[in-house]
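To start, the structure under review is shown below, and the notes come after it.
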Amino acid sequence: VNMASVQPATGYEPLASRRLSSIALTEERGITLPQLQAVVEEIDARCATEGWTRAARDGQPAKKLAPSEVTLYDLMDFIIMPKTRAHLCSYVETVATEPQPADWFVSHCACEAR
């Protein structure tokens, strides 16, 4: 998903770092559009306020981020891993209250240089 194309919904509320559900089947861990919009709202609310900075890598210096510059890797570092690490769960299990079968499946590969 091109995060720039997802419009935030109104009424951002910080998402707690808690596990709301245990969803055994990967195919039932689909993320809903409102849940994805909440991620965009969290980026908008926290990025500048917390001074998110991308670590130096590949000869590039560390870079202070604007919300529009946040990549999937940054999202992993600042939102997904902190919310899921303690519970050893998927991100959807921290925002869903029950299984959410997906209508579409999109895969990604995180194998490019970070």
Side-chain angles (χ1 to χ4, degrees):
V1 170
N2 175 353
M3 296 303 287
S5 68
V6 178
Q7 297 299 312
T10 58
Y12 165 77
E13 292 182 24
L15 301 173
S17 296
R18 64 185 185 276
R19 185 173 186 165
L20 293 179
S21 62
S22 179
I23 303 172
L25 300 175
T26 305
E27 62 268 25
E28 292 184 343
R29 295 182 196 154
I31 192 164
T32 67
L33 186 55
Q35 290 165 341
L36 190 56
Q37 289 169 327
V39 171
V40 173
E41 291 172 355
E42 186 162 358
I43 292 168
D44 288 343
R46 293 181 49 204
C47 181
T49 303
E50 295 176 10
W52 289 2
T53 302
R54 182 178 300 141
R57 65 175 184 252
D58 300 327
Q60 298 294 317
K63 176 177 177 32
K64 191 165 188 161
L65 297 169
S68 62
E69 298 172 308
V70 172
T71 67
L72 177 59
Y73 296 117
D74 302 318
L75 184 63
M76 290 292 294
D77 291 341
F78 293 105
I79 295 180
I80 296 173
M81 291 308 295
K83 289 182 184 297
T84 62
R85 186 178 291 120
H87 306 290
L88 300 176
C89 66
S90 72
Y91 178 78
V92 169
E93 289 172 298
T94 69
V95 296
T97 57
E98 61 188 4
Q100 299 179 164
D103 292 326
W104 294 89
F105 175 78
V106 178
S107 184
H108 66 87
C109 177
C111 62
E112 64 185 69
R114 288 189 64 185

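All values reported here derive from a predicted model rather than from experimental measurement.
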Quick one, Ser90 and Ile23 - any side-chain contact, counting heavy atoms below 4.5 Å?
no
Salt bridge Arg54-Glu69, side-chain N to carboxylate O under 4.0 Å
no
Report the distance from atom OG of Ser21 to atom CZ of Arg29, rounding to the nearest 0.5 Å.
9.0 Å
Nearest 0.5 Å please: distance from the CD atom of Glu50 over to the CG atom of Leu65.
12.0 Å
Within this structure, what is the CG-OG1 distance for the pair Asp77 and Thr71, rounded to the nearest 0.5 Å?
8.0 Å
Cys47 and Ala66: which non-hydrogen atoms are nearest, and at how many Å?
SG-C, 3.7 Å
Output all residues satisfying side chain to side chain contact (heavy atoms under 4.5 Å, CB included) with Glu27, sequence neighbours left out; order by chain, then residue number.
Leu25
Heavy atoms, side chains only, cut-off 4.5 Å: are Phe78 and Val70 in contact?
no
Hey, what do you get for CD (Gln37) to CG (Asp44), rounding to the nearest 0.5 Å?
11.5 Å
Heavy-atom nearest pair, Ile79 first then Arg46, reads CG1-NH1, 3.7 Å
Close side-chain approach of Ile43 and Trp52, heavy atoms under 4.5 Å:
yes
